[in-house]
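Remarks on the structure that follows.
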Amino acid sequence: QVQLLESGGGLVQPGGSLRLSCAASGGTSNSYALAWFRQAPGKEQEFVAAIRWPNGATYYADSLKGRFTMSRDNAKKTAYLQMTNLKPEDTAVYYCGRLVNPISSTIRSRNRYDSWGQGTQVTVSS
């Protein structure tokens with residue numbers, strides 16, 4: 001069973017930046033994706049971004065392209081979400097999820113993910 005440990009959330013002013021980390025431990029699959037989803041108060045959870053192993057392909061929600069960037073550290077099995085020019089509407093709990101044997105058509109589907117982290121709060125406010 002894989003475990004996902006998230007870190008990096010916090011309070012930031014509008015226009016600021018944060019980097020979230022998702023470290024995976026355990027599990028045996030060599031083909032998987034780590035993704036971020038977020039849930040704002042009173043709203044449904046939405047896809048943010050994802051990165052695949054082993055090929056490193058990245059995927060983004062259309063509305064976030066250009067401000068959010070996924071990267072990874074293979075040795076640490078860690079995915080990073082660099083968030084820039086943050087806006088109050090980015091305020092949410094951000095969850096890391098793992099999808100085994102991902103394909104492009106399913107990578108944005110929350111119900112395909114089999115493991116989740118506890119979530120990390122991101123608050124954008126002045």
Side-chain angles (χ1 to χ4, degrees):
Q1 180 75 17
V2 70
Q3 292 184 326
L4 302 176
L5 180 62
E6 301 135 328
S7 61
L11 173 64
V12 64
Q13 292 186 343
S17 299
L18 279 176
R19 189 177 79 158
L20 305 183
S21 300
C22 175
S25 61
T28 57
S29 177
N30 292 320
S31 175
Y32 61 95
L34 292 181
W36 291 97
F37 288 74
R38 69 184 184 183
Q39 187 164 21
K43 295 187 177 182
E44 292 187 356
Q45 198 174 67
E46 63 174 350
F47 172 79
V48 174
I51 189 164
R52 290 175 65 169
W53 268 262
N55 67 7
T58 55
Y59 304 80
Y60 298 95
D62 289 342
S63 62
L64 300 175
K65 283 181 181 178
R67 293 197 300 122
F68 289 15
T69 304
M70 288 288 289
S71 62
R72 65 181 184 173
D73 183 322
N74 288 335
K76 296 181 180 179
K77 292 186 179 179
T78 299
Y80 303 100
L81 179 67
Q82 179 69 47
M83 305 184 292
T84 62
N85 191 22
L86 284 161
K87 304 175 181 181
E89 52 264 41
D90 294 317
T91 295
V93 178
Y94 285 69
Y95 296 92
C96 179
R98 186 197 72 158
L99 170 60
V100 176
N101 298 322
I103 57 177
S104 298
S105 61
T106 61
I107 209 159
R108 293 176 174 80
S109 301
R110 182 192 182 281
N111 60 5
R112 299 285 184 156
Y113 287 71
D114 65 352
S115 300
W116 293 94
Q118 300 266 17
T120 185
Q121 176 71 46
V122 171
T123 302
V124 184
S125 175
S126 55

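Start at 1 with the first residue, then count along the sequence.
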Heavy atoms of other groups near E89 CD, more than 12 under 6.0 Å
yes

May I have all residue pairs that pass salt bridge (charged side-chain N to carboxylate O under 4.0 Å, His left out) and include part of residues 33-49, sequence neighbours excluded?
R38-E46, R38-D90

dist R72:CZ -> T78:OG1 (nearest 0.5 Å) comes out at 11.5 Å

Given the rule that I, L, V, M, F, W and Y join up when any side-chain heavy atoms are under 4.5 Å apart, are Y60 and L99 in one cluster?
no

Could you tell me which non-hydrogen atom of M70 sits nearest to which non-hydrogen atom of A49, and how far apart they are?
CG-CB, 3.4 Å

Does the side chain of V2 come within less than 4.5 Å of W116's, by heavy atoms?
no

Tell me, with the steps shown, if F47 and Y59 meet ring pair (Phe, Tyr, Trp, His ring centres under 6.0 Å).
CA-CA 10 Å; F47 172 79; Y59 304 80; 7.6 Å; no

Minimal non-hydrogen separation, S31 against P54, with atom names:
CA-CD, 4.4 Å

Checking R98 against W53: charged group under 6.0 Å from the ring centre and within 45 degrees of the axis?
no

With rounding to the nearest 0.5 Å, note down the distance linking CZ in F68 to OG1 in T58.
14.5 Å

Does a side-chain heavy-atom distance below 4.5 Å link T91 with Q121?
yes

Roughly how far apart are L20 CG and W36 CH2, rounded to 0.5 Å?
4.5 Å

Got a donor-acceptor contact below 3.5 angstrom from the S109 side chain to the N111 backbone?
no

Answer with yes or no whether the hydrophobic clustering places V93 together with F37; edges join I, L, V, M, F, W, Y residues whose side-chain heavy atoms lie under 4.5 Å apart.
yes

Straight-line distance of S7 OG to Y80 OH, nearest 0.5 Å:
8.5 Å

Student check: side-chain heavy atoms of S125 and L11 closer than 4.5 Å
yes

Using only atom types and a distance under 3.5 Å, with no angle test, would you say the side chain of Q118 pairs donor to acceptor with the backbone of E6?
no

OG (S17) and CZ (R67) are apart, to the nearest 0.5 Å, by 10.0 Å

Is Y95 reachable from I107 through a run of hydrophobic residues whose side-chain heavy atoms are each under 4.5 Å from the next?
yes

At what distance, to the nearest 0.5 angstrom, does OG of S25 lie from NZ of K76?
14.5 Å

Establish whether M83 and L64 are linked, either directly or via other cluster members, by ILVMFWY side-chain heavy-atom contacts under 4.5 Å.
yes

Heavy-atom side-chain proximity of L34 to L4 below 4.5 angstrom
yes

Within a radius of less than 6.0 Å around CZ of R112, do more than 12 heavy atoms belonging to other residues, nucleotides or ligands occur?
no

Is there side-chain contact between R52 and S104, with at least one heavy-atom pair below 4.5 Å?
yes

Report whether L18 and I51 are members of the same hydrophobic cluster (ILVMFWY, side-chain heavy atoms less than 4.5 Å apart, transitive linking).
yes

Using modelled atom types and a 3.5 Å cut-off, is there a donor and acceptor pairing between side-chain atoms of Q45 and backbone atoms of Q39?
no

